[in-house]
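Reading through the structure tokens given below for one structure.
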2 protein chains.
Amino acid sequence: MARATPVPVDGPDGTDAGPARPTIRDVAARAGVSKSLVSLALQNAPRVAPGTRAAILAAADELGYRRNAAAHALVAHRTRTVGVFVLDLHNPMTADVLDAVQAEARRRDYRTIVVVGSDDADAERAELEKLVEFRVEGIIALGHRLPEGADGAIGAACPWVVIGSAHEGIPHLESISTDDEEGAGLVVDHLVTLGHRRIAHVDGGRSSVARDRRRGYRRAMRRHGLQDAVTVERGSFSEEGGYAGARRALEAADPPTALFVVNDLAAIGAMAAVTDRGLAVPQDVSVVGFDGTRLAGMRPLSLTTVGQPLLQMGTQAAARLCGRLDGERLVGSPSRLPPSLVERRTTAPPP
Amino acid sequence: MARATPVPVDGPDGTDAGPARPTIRDVAARAGVSKSLVSLALQNAPRVAPGTRAAILAAADELGYRRNAAAHALVAHRTRTVGVFVLDLHNPMTADVLDAVQAEARRRDYRTIVVVGSDDADAERAELEKLVEFRVEGIIALGHRLPEGADGAIGAACPWVVIGSAHEGIPHLESISTDDEEGAGLVVDHLVTLGHRRIAHVDGGRSSVARDRRRGYRRAMRRHGLQDAVTVERGSFSEEGGYAGARRALEAADPPTALFVVNDLAAIGAMAAVTDRGLAVPQDVSVVGFDGTRLAGMRPLSLTTVGQPLLQMGTQAAARLCGRLDGERLVGSPSRLPPSLVERRTTAPPP
DNA sequence: CTGAAAGCGCTTACAG
DNA sequence: CTGAAAGCGCTTACAG
């Protein structure tokens, strides 16, 4: 089928802006019908005569016609687009969840537009503002903290679903997360069962997830009568943070025999700190992460961690948001999911 | 400053679609001027009286006005949006490059919309079609193969910059990549210098990058007079592929003492295969990856690999594409970048 | 079954 | 300096 080549036009600055895309008008002219009919036929409206429809479809195909999403959005008052805020592309959790989010959104015929978190709060907020200019119909946020401004005007602009951290009392926002406190408890239980008593926690700072995991650690230690052994070293959700926190913990006079680190990525850093100290994992020091990422499962690492159903969380988030946008009646709210301990090869009885 | 709350309206399906966003009209009414003037003032046009401008800006702020990107794109004939095609979110290379791409695009005031590659070729093509409906002004593709349809109508719809694999002869498409063949040569040189002769390659299948790395391996082996030791096992760019390929290589009657694996992710899989065989890395078998990802550098892994300037590649790709869209005169074309060997702890002399 | 008209929210000449 | 009008590419009543 021969495709007519649209004439190249000049762009705003005199450069070649490439071929001017054909419009509904061009299709109408080629098919010898009105614009309205083209629009109808393209939407598969039933009231178009079969022959006419065929002619229109053929003309559209020959011209390589593609609907202009902007024009459509303008009149439809819908964009079928959701924003996805990703705090940290490097966190291995991100790929798993994002994959699931995208797949589910695609399945429901929604487009996603991804914005990445930034150290610069203003830049981050500005990116989010662009999302509201785009008129995304909802936003999915992914990470251990909310993006900058999510609790203000940007937050109110559309419904949100947050994955990975729990937030309450913010209207239009629901969250899907595992019970971080419980997960931390699982870790302590496991280590205590192995015989550890000096269990230190390398934490993730001030975000809500870090807080919950820290609290879970503290409570579990107390539950086991180990309140005197509670040690919290400041870390972060990155490899570097884990390294630094673990290093400090190991330099103590009475160093821990086990390290519970705030997430998998930081736990990798902690493992490096142990090795640098001339110690072996798990013979000398056990290390446990959190998140249950693919990375943790990689054999040369084989990190013991707290598993979360990351794929389901991503799928569920997209399903809830898109479902809501499509007017489905959603019952209940996604409660906190139960975490599970994934025992691998970085934990063993203390020396 | 009190923000007037816009009235909620009903969505297309009777659900609450949230507050109706104020338009330029609402701002005009509140400021007591015409729409045109609002538009002008919002664009910082010089010919608006200072007082009027201030009143307009105040009104806009009070109403929480945000320009409608669709309406703007429709009349501006520009979207200031580029598409980013990401083959594999799980490849650790992706995060590095994507981060740089996004940062540079943002710096130049371009939005990005990410689409993820799929096993389903039709789905992948459909996603790309959506990009043209969105009228993205250009596309950056990231991975070891082009997306489905990039050489057809979708490819011709706008300029492309491909990162990571080299392609020639496709109009409107330029690529930024390292010299894969040379990189592979570096690996073989390094291993030969250590004393290895039985060096096997676990490849990445049929993509262009896989081909170049394979060819580089073969040539270098020949150069060292090791043509008889050439062994290529079929693998892939994923952990699983590396595991399977390495496993097969190690089962040979005369197993290799070194494994050159197509990329870092697959090399991690290969390391697991070595361990499963009851052998140690690097004492019994050396393992080398390719890409120079952050993952490879993580201490518990410390994978010897071929480094590429991933951040620069991402930045350069975005700079070239956006620069071109902004009508900058670009001189030359981004040639292939030189790779470098990053020696870490997975290589040693043969036993 | 088909077409002319109005309008989505903006911008841009064109008058004044 | 400011406003009325036309138009971007589409969809949707409304007539016929």
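Residue Ser36(B) is in base contact, counting any heavy-atom pair closer than 4.0 Å across all strands shown. Across all strands, Arg67(A) comes closer than 4.0 Å only to sugar-phosphate atoms, never to a base (heavy-atom distances).
When DNA chain D is scanned 5' to 3' for any atom under 4.0 Å from a heavy atom of chain B, the first and last hits are dC1(D) to dG9(D).
With 3.5 Å as the limit, one finds a donor-acceptor pair spanning the side chains of Thr112(A) and Gln102(A).
Projected onto DNA chain D by closest heavy-atom contact, Thr52(B) and Leu74(B) fall at different nucleotides, the more 5' of which corresponds to Thr52(B). The residue among Lys35(A) and Lys35(B) whose nearest nucleotide of DNA chain D is located toward the 5' end is Lys35(B).
With contacts defined as side-chain heavy-atom distances shorter than 4.5 Å, the pair Leu146(B)/Val162(B) qualifies. In this structure, Trp160(A) and Pro171(A) have side chains that are not in contact, with every pair of non-hydrogen atoms separated by 4.5 Å or more. Contact of the Pro147(A) side chain with the Leu87(A) side chain is not registered, since no non-hydrogen atoms from C-beta on lie closer than 4.5 Å.
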Donor-acceptor contacts under 3.5 Å from residues 132-140 of chain B side chains, at least two apart:
residue	atom	partner	partner atom	Å
Arg135(B)	NH1	Arg66(A)	O	3.4
Arg135(B)	NH1	Arg67(A)	O	3.3
Arg135(B)	NH1	Val132(B)	O	2.9
Arg135(B)	NH2	Arg66(A)	O	2.9
Glu137(B)	OE1	Arg78(B)	NE	3.1
Glu137(B)	OE1	Arg78(B)	NH2	2.5
Glu137(B)	OE2	Arg78(B)	NE	3.3
Glu137(B)	OE2	Thr79(B)	N	2.8
Glu137(B)	OE2	Arg80(B)	N	2.5

Give every donor-acceptor pair under 3.5 Å between a side-chain atom in residues 35-47 of chain B and any protein atom, sequence neighbours left out.
residue	atom	partner	partner atom	Å
Ser39(B)	OG	Gln43(B)	NE2	3.0
Gln43(B)	NE2	Ser39(B)	O	3.0

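By the side chain to side chain donor-acceptor pair (under 3.5 Å) test, Asp88(B) is found to be paired with no residue, residues two or more places apart in sequence or in another chain being considered. Applying the side chain to side chain contact (heavy atoms under 4.5 Å, CB included) criterion to Ala59(B), with sequence neighbours excluded, gives Val27(B), Arg30(B), Ala31(B).
In DNA chain C, the stems built from three or more successive Watson-Crick or G-U pairs (distances below 3.5 Å) are C:1-3 with D:14-16, C:5-12 with D:5-12, C:14-16 with D:1-3.
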